[in-house]
Amino acid sequence: MAKECFSQRDSLRIAFYNCENYYDSFKDSTIDDADFTPEGARRWSYSRFLAKRNNIFKVFASMSLPNPPEIIGLCEIENRFVLNKLAYDTPLSKFEYAVVHQNSSDRRGIDVGLLYQKDKLHLLDFRYFNPKVVDTSLYTRSILYSVFRWGEFDTLHVFVNHFPSKLGGVRAEKSRLLVAKYLLSKVDSVLHSNKSASVVVIGDFNDVATSDAMQLFSSSLTNLALPLQEQKQGSIKFEGEWELIDQILVSKGLVDGDTPVKLLGGMEIYSAPFLFEDDTMYGGKKPRRTFNGYRYNGGFSDHLPVLIKLVRLM
């Protein structure tokens, strides 16, 4: 069993956050970002971009115990510039984060990316995989695969995802199934090489843990969102109902295997009070978004972050 106490060096946390349209304010002719420019429908000025950046920083700074998570996966980010501004031009810079990012072929230019504390983790490799969606030769949002060395011997495999949107009905569901099968093939390739590998899969899957797409992973991974879903908890609120579509899955060895790296506890939905506002239509609270429709609201995201903690037995 894991020890009851661990030093800061012996543990790390992995977080995921859908930032909801974290765009800069500059027009990019290669993507559809016209709404997020000063002249666009959302009047997206540079000052609004900086306010958005500062809000995202506030989210991770508030997680500090005393440091923010060592690995942060993000989605709905426009480019490396917005990640650099977050990692290097806010007080997060003192934690020595490095950025992993590559532009995807998503038509809106929303990508996945990752920040990691380079004084605690060594990036051995990273790749972007490009699954295809239904009835088209176009690629969807990429899957980011990163391999880290933690300490002298231990290796972590981290996949960051943003599955196809729910818009599109049956066609969109088929697309998510295709992407899930593609991701599973990459996860199984890692586990085939080393059945005790420490694998962490994080993302906005646009599906709940009991969906057909997410159930594909049940033989290879443990979905840590499932117990929270059964408790009616959620990371996003749609038409008054909470849904848990932001999830973390881990290799089974992290839960109950005889490996030096272990999961401590379960998945947490991070729910600091400042992330919410009153839900005047359906009652209760809801995540405080940057926009309500096209009205600027100055908030954070329509999603809540999720995170886990891993410990390394010495």
Side-chain angles (χ1 to χ4, degrees), residues 13-23 35-36 41-44 47-65 68-69 72-77 82 86 90 92 110 112 160-163 165-167 202-211 214 223-249 265-309:
R13 290 180 297 157
I14 301 175
F16 173 79
Y17 193 30
N18 181 328
C19 298
E20 192 191 18
N21 297 324
Y22 182 33
Y23 283 91
D35 277 3
F36 289 90
R42 297 185 185 276
R43 298 292 187 262
W44 192 244
S47 63
R48 285 186 173 183
F49 157 67
L50 291 179
K52 176 81 170 183
R53 178 205 63 181
N54 292 342
N55 277 349
I56 297 170
F57 153 71
K58 181 179 179 181
V59 172
F60 294 115
S62 70
M63 294 180 182
S64 296
L65 293 173
I72 298 173
L74 300 164
C75 78
E76 293 207 18
I77 54 173
V82 300
L86 176 65
T90 70
L92 285 181
I110 53 173
V112 296
V160 186
N161 303 269
H162 187 190
F163 275 24
S165 168
K166 289 189 174 186
L167 297 175
I202 60 180
D204 171 1
F205 297 96
N206 273 307
D207 251 331
V208 295
T210 50
S211 67
M214 298 310 295
N223 193 330
L224 302 176
L226 188 56
L228 300 179
Q229 180 182 311
E230 291 171 346
Q231 298 168 19
K232 309 298 184 183
Q233 297 190 45
S235 58
I236 189 169
K237 194 177 186 184
F238 179 70
E239 294 183 350
E241 298 295 329
W242 285 99
E243 287 189 319
L244 188 47
I245 62 176
D246 302 277
Q247 301 168 38
I248 300 179
L249 301 86
M267 188 184 92
E268 175 189 353
I269 304 170
Y270 189 68
S271 53
F274 66 81
L275 292 173
F276 296 90
E277 64 183 355
D278 291 336
D279 187 342
T280 56
M281 182 172 294
Y282 295 102
K285 298 288 184 179
K286 64 179 182 178
R288 183 184 168 201
R289 306 178 66 171
T290 305
F291 285 89
N292 284 324
Y294 280 86
R295 181 178 64 82
Y296 182 65
N297 193 45
F300 299 83
S301 172
D302 57 343
H303 291 247
L304 298 175
V306 294
L307 67 159
I308 60 169
K309 185 173 186 176

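Quick caveat, the model's predicted, so the values are computed rather than measured. Starting from 1, each residue takes its place in the sequence as its number.
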Backbone N/O of I202 and side chain of N161: donor-acceptor pair under 3.5 Å: yes

Working to the nearest 0.5 angstrom, can you tell me the gap between M267 CE and Q247 CD? 7.0 Å

Quick one: are R43 and R48 in side-chain contact, heavy atoms under 4.5 Å? yes

How long is the gap from CZ on R289 to NE2 on H303, to the nearest 0.5 Å? 8.0 Å

Are side-chain heavy atoms of L228 and E268 found at a separation under 4.5 Å? no

Output, in order, the C-alpha distance, side-chain angles, deciding distance and verdict of side chain to side chain contact (heavy atoms under 4.5 Å, CB included) for R13 and M63. CA-CA 10 Å; R13 290 180 297 157; M63 294 180 182; 4.1 Å; yes

Donor-acceptor under 3.5 Å (Q233 side chain, A225 main chain): no

Distance (rounded to the nearest 0.5 Å) between I56 CD1 and I77 CD1: 9.0 Å

Between CG on residue L304 and CZ on residue F16, distance to nearest 0.5 Å: 12.0 Å

Compare all side-chain heavy atoms of Q229 with those of N223 and state whether any distance is below 4.5 angstrom. no

As an exercise, state the distance from CG of L249 to CG of L224, rounded to the nearest 0.5 Å. 7.0 Å

Return the CG to CD1 distance between L74 and I110, rounded to the nearest 0.5 Å. 13.0 Å

State, with a plain yes or no, whether a side-chain heavy atom of F274 is found less than 4.5 Å away from one of V59. yes

Which label fits F205 and F163: parallel for a plane angle under 30°, tilted from 30 to 60°, or perpendicular past 60°? perpendicular

With K237 as the cation and Y282 as the aromatic partner, state whether NZ or CZ is under 6.0 Å from the six-membered ring centre and within 45° of the axis. no

P68 versus L92, closest heavy-atom pair with distance: CG-CD2, 4.1 Å

Run T290 and Y22 through side chain to side chain contact (heavy atoms under 4.5 Å, CB included) and show every step you take. CA-CA 10 Å; T290 305; Y22 182 33; over 6 Å; no

Decide yes or no for E277 and N297: does some side-chain heavy atom of the first lie under 4.5 Å from some side-chain heavy atom of the second? yes

Within 6.0 Å of NZ in K309, more than 12 heavy atoms from elsewhere: no

Which of V208, I269, L226 passes side-chain contact (heavy atoms from CB on, under 4.5 Å) with L244? It is I269

Please tell me whether S62 and Y270 have a donor and an acceptor in their side chains that are separated by less than 3.5 angstrom. yes

Stepwise side chain to side chain contact (heavy atoms under 4.5 Å, CB included) test for D35 and Y23: CA-CA 10 Å; D35 277 3; Y23 283 91; over 6 Å; no

Over all atoms of both residues, closest heavy-atom pair of N55 and G298: ND2-O, 3.2 Å

Honestly, is R42 close enough over Y296, meaning NZ or CZ under 6.0 Å from the six-membered ring centre and within 45° of the axis? no

Any non-hydrogen side-chain atom of P287 less than 4.5 Å from a side-chain atom of L275? no

Aromatic rings W242 and F276: how do their planes relate, parallel, tilted or perpendicular, breaks at 30° and 60°? perpendicular

Short side-chain to backbone donor-acceptor contact, K52 and C19, under 3.5 Å: yes

Y17 side chain near D246 side chain, heavy-atom distance below 4.5 Å: no

Would the distance check show the side chain of E20 and the main-chain N or O of D302 forming a donor-acceptor pair, the cut-off being under 3.5 Å? yes

Less than 4.5 Å apart, side chain to side chain, heavy atoms only: is that true for I236 and N18? no

Inspect the surroundings of CD in Q231 and state if more than 12 heavy atoms from other residues, nucleotides or ligands are less than 6.0 Å away. yes

